[in-house]
Amino acid sequence: MHWRWTTPNPEGLGQHASPDLVTLWRIMGENFQIAAIEAATGVQSPWRILQPPTGTGKTQGTCVYAAMQATFNRETEGALRPVGILIATRLKEDADRIRDTINTLAGRGVAVVHHSGSYATPEQRHESDVVVITHAAFGNAKRDSKSLDWKSWDRLVSWRGGDRLLTIIDEALANVVDESSATIEHLEFVISQISPEVKSAFPQQVALLEQVHQVLRAYIDPDGVECAMSMIWEEGSAPVADFTPFISAMYALPYDRIVFDRSSTKDRTRLAERVAETLTVVRACLEQFAYYAKSGKWHSINTAALAVPLDAPGPVVLDATARVNFLWDLFGERYERPVVPGHARDYSSVSLHVARGAGIGKNAMANRISERMPRIKKALEEAIGPERSVFLCVHKDVEDVIAKKSKCGKSWVEKLNFRECSVGHWGAVDGRNTWQDCDTAVILGLPYLPQTWATNMLCALQGADDKWLQSPQWKQHKNVRKVMEQRQMSVSVIQAINRICCRHVIDAEGHCPPADIFIVLPQDAMGDAVLDDIKADMPGIRVEPWGFALDPEKEKKPRIGSSHARLIAYMSKLNAGTVSLSTVQHDLQLSSVKKLRETLNNADHPTTEALRDMGVGYVPGVGRGSKSYLVKAA
């Protein structure tokens, strides 16, 4: 690995090594070996969660180890059991790159990819020392095994050497839990579309669907005082039926004619998919546990299930955000986290510019982005020069707006006066190398999660518990939902920040090229915690205040009908002169003037400013028992 890392291109990577990096690579290799040995001896080893910082060669180290293992398999054939390796990475292009690197290092074809863009043949999978798949394929193997179809999983973990003995997961697993949710409106729509023929053909399935609807309605309190979440039934306690033919029959109905009385292939497909999705949720709820949730005005039935095989052979995860990622806490005794060097990277050449603001969730950002972009453009162009290369991370709806060309022929992204400017959205950023040459990252809007997300994660990994739903305490956390949401926010932000050039190491001390990061964090404890996590995971990063506001300061006016508004109206009618606060209190029927005094002593309060504009000043009393006055100028 040292040779691979330090040898100049094209044979190597031309990077700088350090004692900390060498130690980190040694720890990676040792854990790969231990995991394989435990799998070979029939031990269900714990998930080993390693946290190599971004830019320290975790993917390259995986490729080097896999190539060396394939070579060792051939050299010891017949004497030792060969070690087959399964590698799961986030994206298809990453899988292709890993396969090519392993084969180049091994000097022959020892690795194949198996994903939707390039399926390996059964013969290729059987003969290859290494199979590289995506995180999605890793989860799909578990979904198939749940329905008692073990073929997909067997094809991945079986090869000419028997069972594969090592599973390496590159980056934090995405979509670890399958979440299923349907609102009462979804159920009512499906029930209303059932034709007499379908109802006659599937009486058991229709009856179950109607029962689920009635059960969900029973949780809705007409007085609006119902709890936010409650267990409906535990796993294995609900009646079940084969919904597959029922879903197919419902999918085939002509919804365009039934609903809109017109012919439209687009409408028919859209509604058919909506119906099928709702029925699939109902099936999952019946097969698993189900709980009721209320979010705003929406009432829903929900369930969740683990989407990854916990019994994967010799699992080792390389997660640059492992310290923050609450997922591994939920694994409990099923994981261990070996210590890795904490000083392999130094981010002292990176400046983090932090502004605080409100309205940075998906809906607020999408609704206000058009009016905010001129302010964003002005602030960025004042902060950095036109030679910079900028990556903007936003919500998808925001990306659609700022990347769309206006009547003048340019999008907002194109209007930004920088050498290069590109945009990505939450959910399609993690693990990508698209922006690795950018020297500036701008994080606009944060990916808040629904409260059902944390509930689904905990229920899928720790078991569904009605007591926990009512009072979300877990271990030392009084409200584990809030903790999980905050830490997942930190994971997403740290991943987004490290898409740019700060992921590259340029010397033996672990420095990176100079970079600037601009972010708007919320004005609350979550914003403070996310900032702390960034500083912890990016040691040495320089934090600077960013004097930027997403929105202009609102003009503060006294509330109509408030005592302040009545005071302003009262003083506007008085002639020039002096009036005591006690007289004001009597005339306005105020119970106390304590808060009024505090307001009048605040020169920046909108009420004080309004009085000052009409020539009214405040003269506070001096000494015990003295009177205070309002003085109106002529």
Report yes or no: does Gln462 contribute a side-chain atom to a donor-acceptor pair with the main-chain N or O of Leu330 at less than 3.5 Å? yes

Please indicate whether Glu185 has more than 12 foreign heavy atoms, meaning atoms of other residues, nucleotides or ligands, lying under 6.0 Å from its CD. yes

Does Arg481 make a cation-pi contact with Trp474 (under 6.0 Å, within 45 degrees of the axis)? no

Check the pair Gln205 / Met250 against side chain to side chain contact (heavy atoms under 4.5 Å, CB included), numbers first and verdict last. CA-CA 11 Å; Gln205 291 84 346; Met250 288 295 292; over 6 Å; no

Please check: side-chain N/O of Gln473 versus main-chain N/O of Lys478, any donor-acceptor pairing under 3.5 Å? no

Name of the residue among Asn103, Asp170, Thr101, Val132 meeting side chain to side chain contact (heavy atoms under 4.5 Å, CB included) with Cys63: Thr101

Under-4.0 Å salt bridge between Asp100 and Arg97: no

Arg90 side, atom CZ; Thr134 side, atom OG1 - distance, nearest 0.5 Å: 11.0 Å

Show your working on side chain to side chain contact (heavy atoms under 4.5 Å, CB included) between Gln495 and Val429 and close with a plain yes or no. CA-CA 8 Å; Gln495 283 280 349; Val429 170; 5.8 Å; no

Would you say that Lys396 contacts Lys362 through its side chain, given a criterion of any heavy-atom pair below 4.5 Å between the two side chains? no

Gap separating the CE atom of Met457 from the CD atom of Glu485, nearest 0.5 angstrom: 11.5 Å

Could you check whether Asp129 pairs with Arg160 (Lys NZ or Arg NE/NH1/NH2 to Asp/Glu carboxylate O, under 4.0 Å)? yes

Counting only heavy atoms not in Lys199, do more than 12 fall under 6.0 Å of its NZ? no

Ile184 vs His213, test: side chain to side chain contact (heavy atoms under 4.5 Å, CB included). Steps then yes/no. CA-CA 7 Å; Ile184 195 165; His213 174 247; 3.7 Å; yes

When rounded to the nearest 0.5 Å, the distance separating OG of Ser492 from CG of Asn325 is 9.5 Å

Hey, does the side chain of Ser295 reach the backbone of Trp298 with a donor-acceptor pair shorter than 3.5 angstrom? no

Is it the case that the side chains of Thr244 and Arg283 hold a donor-acceptor pair, with the cut-off being a distance below 3.5 Å and no angle test? yes

When you measure from the side chain of Trp233 to the backbone N and O of Cys285, does any donor-acceptor pair fall under 3.5 Å? yes

Let me know which of Val131, Val130, Asp96 forms a side chain to side chain contact (heavy atoms under 4.5 Å, CB included) with Val113. Asp96

Would you confirm whether His114, through its side chain, and Ile133, through its main-chain N or O, come within 3.5 Å as a donor-acceptor pair? no

If we ignore hydrogens and angles and just use 3.5 Å, is the side chain of Thr303 paired with the main-chain N or O of Ala290 as donor and acceptor? no

Between NZ of Lys404 and OG of Ser411, what distance do you get to the nearest 0.5 Å? 11.5 Å

Quick one: does Met365's side chain get under 4.5 Å of Leu550's, heavy atoms only? yes

Taking every heavy atom of His477 against every heavy atom of Phe326, the minimum-distance pair comes out as NE2-CE1, 3.7 Å

Do Leu461 and Phe331 touch side chain to side chain, with heavy atoms closer than 4.5 Å? yes

Sidechain-backbone polar pair: Trp47 side chain, Leu310 backbone, donor-acceptor under 3.5 Å: yes

When you measure from the side chain of Thr41 to the backbone of Glu38, do you find a donor-acceptor pair of N or O atoms at a distance under 3.5 Å? yes

Nearest heavy-atom pair of Ala182 and Leu216: which atoms, and what distance? O-CD2, 4.4 Å

So do the side chains of Phe138 and Val308 get within less than 4.5 Å of each other, counting heavy atoms only? yes

Any side-chain heavy atom of Val215 within less than 4.5 Å of one from Ile301? no

Quick one, Met489 and Leu446 - any side-chain contact, counting heavy atoms below 4.5 Å? yes

Please say whether more than 12 non-hydrogen atoms of neighbouring residues, nucleotides or ligands are located less than 6.0 Å from CD in Glu127. yes

Look at Glu188 together with Arg217 and state whether they make a salt bridge at an N to O cut-off of under 4.0 Å. yes

Main-chain N/O of Gly445 paired to Trp426 side chain as donor or acceptor, under 3.5 Å: yes

If we ignore hydrogens and angles and just use 3.5 Å, is the side chain of Thr121 paired with the main-chain N or O of Gln124 as donor and acceptor? yes

Arg323/Asp533 ion pair, N-O < 4.0 Å: yes

Where does the angle between the aromatic ring planes of Tyr292 and His299 fall among parallel (under 30°), tilted (30 to 60°) and perpendicular (over 60°)? parallel

Tell me, please, whether Phe391 has Arg499 positioned over its six-membered ring: NZ or CZ under 6.0 Å from the ring centre and within 45 degrees of its axis? no

Charged N-O contact under 4.0 Å between Asp329 and Lys475: no

Going by atom types alone, do Gln486 and Ser490 pair a side-chain donor with an acceptor below 3.5 Å? yes

Would you call the rings of Phe246 and Phe243 parallel, tilted or perpendicular, where under 30° means parallel and over 60° means perpendicular? perpendicular

The reported gap from CZ in Phe189 to CD1 in Ile194 (rounded to nearest 0.5 angstrom) is 11.0 Å

Apply the test side chain to side chain contact (heavy atoms under 4.5 Å, CB included) to residues Phe32 and Ile85: give CA-CA distance (whole Å), side-chain angles for both, the deciding distance (0.1 Å), then the verdict. CA-CA 10 Å; Phe32 291 158; Ile85 302 175; over 6 Å; no

Calculate, to the nearest 0.5 Å, the distance between atoms CG and CD belonging to Leu50 and Glu336 respectively. 9.0 Å

